[in-house]
Amino acid sequence: MSNVLKKEAFVLPEGVIYLDGNSLGPLPKAAAGRVQEMIADEWGQMLIRGWNQAGWMEQPTRVGNMVAGIVGAPEGSVVMGDTLSIKVFQALASAVKLRPGRKVILSDSGNFPSDLYMAEGLVGLLEQGYELRTVAPEEVKDAINEDIAAVMLTEVDYRTGRKHDMKAMTELTHANGAVMIWDLAHSAGALPVDLAGSNSEFAVGCTYKYLNGGPGAPGFIYVRPDLADEVQPALAGWLGHRQPFAFEESYQPGKGIERMRVGTPPVIQLTALEVAMELWADVDMQELRAASIALQEQFIEEIERDVPQLTLASPRNSAERGSQVSFRFEEGYAAMQAVIDRGVIGDFRAPDIMRFGFTPLYLDAEDVSKAVAIIRDVMKNRLWDNEKYKTRARVT
Ligand SMILES: *Cc1c(COP(=O)(O)O)cnc(C)c1O
């Protein structure tokens, strides 16, 4: 696994075991310097010339190709920009247009709220009988039928880590004549993804979680190449126009995936992300997956042996999990605050989920054992039972 573990490439604060890379990845050491250079030499010295001279304008597709490489997508099928929520909206709006006459968007109740809110918002705009239908994750299969225009699912559940079967679900969706949209927020950089092999029409994702692009790093969108010149982007921005600098009065979609761009890209943020993506060049995703499962299995085994107060909330079968493990505990919020106070950073998701992410690029077996010892101490000695851990912060 020589090319998977690369702790030395990240800033990892002394005394911290970071089990929250599924929410915000750590800072790649090379990013700070590269961003500073970009600011000083490109923005500072080139000014507006940077768009041409420093390649800022191509950055969303250049970095998109790097992301494509780790989600099994071909060159030229992924573009960066905006936030994941916006990319969800774009994919949904384009997907329903591909199926005129069908009015239902199907998702599951375990999906991330923003994905569902975006679908609600779109349905509200479209009116004309459009509907968002959500069912329990286990019931999605039975709910796919010929009324459905688009099935929108997040492959890995943000709360429990439960993983949908991407290939089988896409096949079923297609067998019913519907369009498939995958949200890869908890998949990209977490496990091998075979987008091309799945034959899915759309995929979206974010880059500040497992890809370590930093807070506010842009989202990405994938459109299956055979559809890229056909889809109608709902958010028709000037940089998705065929010729942005012709400044035409009316919108003409750009070539291929370029049409999914909207406005000015976040160049500083993309620069940090580009550095982070360079770290993936020699990572074998199958090896990463094997390392992730080994860390998760070790964690589950040691927690169940040493910390009987916690109940596993994630699927026990590792093949049905992403790269995180969740446990339930009634006072989970306070317990997580007490654990964080002692250097083990995970997070909490209402109502009672303590969530731990496993990221083999910068975590090893020794970290896992150290983390379990701290969690055990907090639980065994009720160290969480303290007022200071019970007031909820704005971000949990
Ligand atoms: C993290 C996450 C989001 C967040 O969307 P942003 O627009 O980047 O804030 C949305 N959907 C899913 C499934 C997520 O995991």
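Counting starts at 1 for both ligands and their atoms, in listed order. Heads up: numbering here begins at 1 and tracks the sequence.
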- Query: Hey, does the Lys NZ or Arg CZ of Lys370 hover above the aromatic six-ring of Tyr18, less than 6.0 Å from the centre and inside 45° of the axis?
  - Reply: no

- Does the pair Glu258/Lys255 count as a salt bridge with the N-to-O cut at 4.0 Å? no

- At a 4.0 angstrom heavy-atom cut-off, ligand 1 is contacted by Thr83, Leu84, Ser85, Phe112, Asp115, Thr154, Asp183, Ala185, His186, Tyr208, Lys209

- Message: When you measure from the centre of the six-membered ring of Tyr333, is the NZ or CZ of Arg392 closer than 6.0 Å and no more than 45° off the axis?
- Response: yes

- Task: Flag the pair Lys167 / Asp165 as yes when at least one side-chain heavy-atom distance between them is below 4.5 Å, and no otherwise.
- Result: yes

- Distance, nearest 0.5 Å, that separates CG of Leu184 from CG of Leu195: 5.5 Å

- Task: Establish, yes or no, whether the cationic atom of Lys7 lies under 6.0 Å from the six-membered ring centre of Tyr362 and within 45° of the ring axis.
- Result: no

